[in-house]
Amino acid sequence: MLSVQDLTVSVITGEQPLDITRAVSFDIGPGEILGVVGESGCGKSMTSLAIMGLLPSKQIAVQSGRVLLDGSDITHLTPDQRVDVGLSGVSMIFQEPMTSLNPVMRVGAQIMEALRVHDRENGRDPFARTRELLDLVHIPDAALQMNAYPHELSGGMRQRIMIAIALACNPKILVADEPTTALDVTVQSQILNLIRELRDELSMSVLFITHDLGVVAQLADRVCVMYAGQVVETADVTQLFENPVHPYTHGLFSCLPDPGRRAEPLKPIPGQAPLLIDIPPGCAFAPRCADVTEICRSGTLPWESHSSGHQARCHHPRTGGRGNGQ
Amino acid sequence: MANKSLMAVRELRTTFHVKRGRKTYALKAVDNVSFDLQKGEILGFVGETGCGKTTVGRSLIGLSKAEAGDVRYGGVNILALPERQLREVRLNVRMVFQDPYASLNPRRSIGDSVAEAGDIHKLFATAAERSRQISETLESVGLDPSFADRFPHELSGGQRQRVGIARAILPVPDIIIADEPVSALDVSIQAQVLNLLLDLQKGLGLTILFISHDLSVVGQISDRIAVMYLGQIVEIAEAEQLYQSPLHPYTRALIDAVPKPDPKIKISDGLAIGEPPSRLEPPPGCSFANRCPLVHDVCRQRAPVLKDLAAGRKAACHALDEVTK
Amino acid sequence: MDLLSSWLVPFLKHRLSLCGLVVLIGVILAALLAPVITPYDPLAMDPIGRLQTPNMAHWFGTDHFGRDTLSRVIYGARLALLIGTGVVGFAMATGVPIGVLSVLFPRVGNVLMRLVDLMMAFPALLLALGLIVILGQGVTNAILAIGVVYLTTTARITYSVALRLKAETFVEAGRSMGANTWWLATRHIIPNLVSPLLVQASFVFAFAQLGAASLDFLGLGAPPDIPSWGNMLAESRRYITRAPWLLFFPGAMIVLTAFSLNLVGDALRDRLDPRFRDELANKGKP
Amino acid sequence: MLLNFFTSYAMRRTGAAAVTMAAASVIIFAFIHLIPGDPTYVLLGDGATPEQAEALSKKMGLDRPIVVQYFTWAVNVLQGDLGKSLFFQAPVLEIIADGAETSLLLAGITMVWVVLIGIPIGMLSATRQGTAVDQTASGLAMLFASVPTFWVGLYLILIFAAWLGWLPSSGYPSIFEEDGLYNLRYLLLPSLALAAPNAALILRLTRASMLDVARQDYVRTARAKGIRPWQVTTRHIFRNALLAVVAAFGFTLAGLISEAVVTETVFSLPGIGRLVVQSILRRDYPVIQGVILIIVMLYLTINLGVDLINRYLDPRVELE
């Protein structure tokens, strides 16, 4: 469906381009939810914007690699160019539903704007279609809410509107960049369930980006773990949660507060993620890793399979499940 | 529970006056909140956006002006103290803020920021004494003493929050009010800071009021937890108890809504439907009634009061009998 | 943090603003060294050599009294700097305390800021003209009249920036540790006001030039015997068809100075905290 | 509901403007008393006879408390009696009315230039950020913001009137005179001179606020929808950016009034601006007082209008 191949996004600065992501690759199958998890600055958001063709400025560009949608290369096309060549089909929702909606435009009009681009051929009445979409995302009183301005709605409702806008673009793939991070936990669960429900009903794929392992566990079918611009581990969701092999993934799990096991102290990963300008050679995680040896500090890393569909970028993969945190 | 109460809060109410167009609304950010803070404990306050948890913390030391209530600390009601004496109290009850960047003055060195409380209250006899204490404090939060000469923009988020904590423990206070101290941090850094807080609490015998929207974090660190909803405490209990057998339907909804890092446990959203009601014109009765799966007629008419249940356990709900069954 | 180098960075990055800085330094030097570098006495008349076009002896030509335009332009820089410094000094010395006090003591502040708003109901030049009528003409009074105009904008900007600072978490943090108002003002608010006010000062300086030139031109500013750029323009006005160059040089000096100050102000503003940038963009110009 | 909010806002805002006007009138009233000398002679001129002084003194109630004097004056003003000009020996209001046509037309035409030049070039500059077009436009804008209007005016006169002889250099007969609307050519050069710094200001403002809006998340959302870049610019960026520009029109207006005083002098236009300068030189204090009063009133009214328009365009309800 969607295939990201060796995608490298860089900031072009004075002397040398700085790589925000380094050869990121993954595939999303039809109807699949792929979770991308990582901490701030790991490049997960830039990857999603690159997929959308929405990189924020001229200084940030795809250096190498490609994004394929159903086999067609869409890497260097902006969304409107994709419409022109008939390759649209990727929609996106963002972290801040408040700032992502135009404050001086009624929400109905913002949905219809997308319909006019993507739903012309169907000959459907955009008005009726907008109401349908609002029903689809469970907004009560759809007819009334169409005329609301964004500031008149709650955070959860705004994110539903954002989803409706995304759906108006007839997506094959929905890219969701931390869509529930700004929401309260009770509202978050509603939005997560809505996304899963829409995936089932509309059989679209979802690329879900988050920093929260809990959210990934709830929603994703498969997971990519990113660190310092690279995918360090990818696996089926149960596989990853039961049998993580990369020391960073292990570290993430041992950082999670768990009220059920209060007695055990957290085992944080020491140190902090490297800045873009001083990513070490070899394994970027080496300076924080407990298993580090000389081999990790230079050269290329192996991208090894551990079971079907489970790969990790590490010289010293840990086996034996989550408890084996050393 | 045999611990003695270090700070006793009774019927605290803090109201903000919000103007919308012509109308002025009285927003009860904190309404009739009572609890005891026991010496040496970590009391967690948890709730969603706008539930008043932050305002509780701020009202305790007068950063938000409480409208009514009694905060007994050191034998006096802090709320009634004149400004000058309140400032003395603030030396012993200190805050750690959510945004470690915004809470540090960009034009002051880390050392100056860490020593600020001491400087304000003129506690350093000599400059040498001052820099020695700065160094010691920085070390105790896991930072190199050389950080004293740096400026906030040179530090990472985790380091800044360590500075935020260092500033709250020089000189060592009785109580720390930590307002979402780890919300702005990445998971791996968050764990470091939580461990640091626990170490300091044990090492220095601190009492901490830990405010957070994140139930997992609060559950990990707190001895007791108070759950707030729209300005009121709906349940207060020991951490294990609260998790194993939540009494209030809201507590249950909150616990169930947290995504578990286990793909085998899926969350359902039948427990707290919809969103909170308007804070400016709250409905009569229980404020959770419109979202509650156990709602009765009485809930829409009369607000439940916080009832003492088992030892140290309180909840405010009309349907408690059903829950405990 | 090296304060000086951090202020120099925007200039080194942007060539145009560096030019602005160089021009300003040039104007300041010309003003200081005027008696040394001027080829003629700016007041010396030469009835025979009237209205000369620029030539080797008189680079900028001579005016209708035969006075050397170059010398007069150089001496004009003195008055320009005097007025600029005076206006900035007055506006800062009055506006900043008003703004800061209004933030620290909201009750007094409400009244003070209402008064400032009231002053702003008078368009700038009209306010200055009214004050000139009351005070009478003269250099000092011109400085006062223009200074009052920028007192209001400076107080407004100081107020809004200080108001934001007061709401900053670091001020709150100071308060939470028992700091009193004096501490918050001197350690937190005022040090953070320095950069935005420096930007404001460069804009005020630029607008003071233009304001003073307007007053001079209308014959309500510096006395006519003083060689100011505005006066030179006013006097040469009648000769515009016969000697258009007479108007060119003093006018160009006003433009050059104001332009350079604006460039410098812009460069300084670009390195400011974005939160304060908008403040200055909207309220810096009356 | 929105309309209710708006009406209530409009009422409060109008009330506030009225209060400001009342307070400003106190200052303007005090103006006469602040001028050194006996107010009677300030108003009548030094050549006044004791009888005239006596009569005026009685009319103004100079022997009564200052508060009473203010209200007497205010009531007169409200009835349209702004006093009498010393120089023309005619009611101040009539003299101001004579200059109104020139000044209002000048301001109006200038505003047209400002909008026509400032906003489109500002937009262009923002959409071509960093290009040669943008740098030229921004550079010129800053240059023109630093140019004294009278200097521009003088050179415009030199080039278009003296050398080329295309346009008149000074004066302005009314459009109600012979030639009718053709007389507007007299206002062409003055309005261009006056527009230069103000258009520069609006250009810079439009550019800055377009760039600011272009960074907003909702613009990214709009792009993600796949609508055309020019539609993103017109529908999303421009509309929001315009709110900030409209809000700044009040400031522009204040600058425009100030510079009009100078421009009218340069082009010898029979407007209110030149009237105020001449009255100062003639020490015709009643006229100065009257002009200041009228201009402040006009300024506050227009500012109020701009505020209300802006508020009407922006559906977000202000949360105080």
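Each chain gets a letter, A, B and so on, in the order the sequences are listed, and its residues count up from 1. It should be emphasised that the depicted structure is a prediction, and the values quoted were computed from it without experimental measurement.
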Given side chains that start at C-beta, do those of [X] and [Y] come closer than 4.5 Å, heavy atoms only?
X: A:P259; Y: B:S216; result: yes
X: A:V185; Y: B:E48; result: yes
X: A:P265; Y: B:L198; result: no

Bottom line for B:D223: the part with an atom under 4.5 Å from chain A's heavy atoms is both
So, the part of B:L215 with a heavy atom under 4.5 Å from chain A: the answer is backbone
Answer key: most heavy-atom pairs under 4.5 Å with chain B among A:L240, A:L266, A:L275 is A:L266
Whatever's closer than 4.5 Å to a heavy atom in chain B on A:P270 counts as backbone
Q) Are the side chain of B:K266 and the backbone N or O of A:A217 linked by a donor-acceptor pair below 3.5 Å? A) yes
Any side-chain to backbone donor/acceptor pair from A:Q272 onto B:G158? Under 3.5 Å, distance only. no
Would you say NZ of B:K28 has more than 12 non-hydrogen atoms from neighbouring residues, nucleotides or ligands within 6.0 angstrom?
no
Testing the basics here: between [X] and [Y], what is the closest heavy-atom pair and its distance to 0.1 Å?
X: A:I269; Y: B:Q192; value: O-NE2, 2.5 Å
X: A:E264; Y: B:Q220; value: O-NE2, 3.4 Å
X: B:Q190; Y: A:P257; value: NE2-CG, 3.7 Å
X: B:I265; Y: A:Q218; value: O-NE2, 2.7 Å
X: A:P268; Y: B:N195; value: CD-ND2, 3.2 Å
X: B:I189; Y: A:E39; value: N-OE2, 4.3 Å

Exactly one candidate in A:T186, A:L183, A:V187, A:D184 meets side-chain contact (heavy atoms from CB on, under 4.5 Å) with B:E275; the answer is A:V187
One should read off an interatomic distance between B:D262 CG and A:T238 OG1, to the nearest 0.5 angstrom, of 10.0 Å
Residues at least two apart in sequence or cross-chain that pass salt bridge (Lys or Arg N to Asp or Glu O under 4.0 Å) with A:E96, listed by chain then number, are none
Against chain B, residues from residues 222-237 of chain A with at least one heavy atom under 4.5 Å, in numeric order, are A:V237
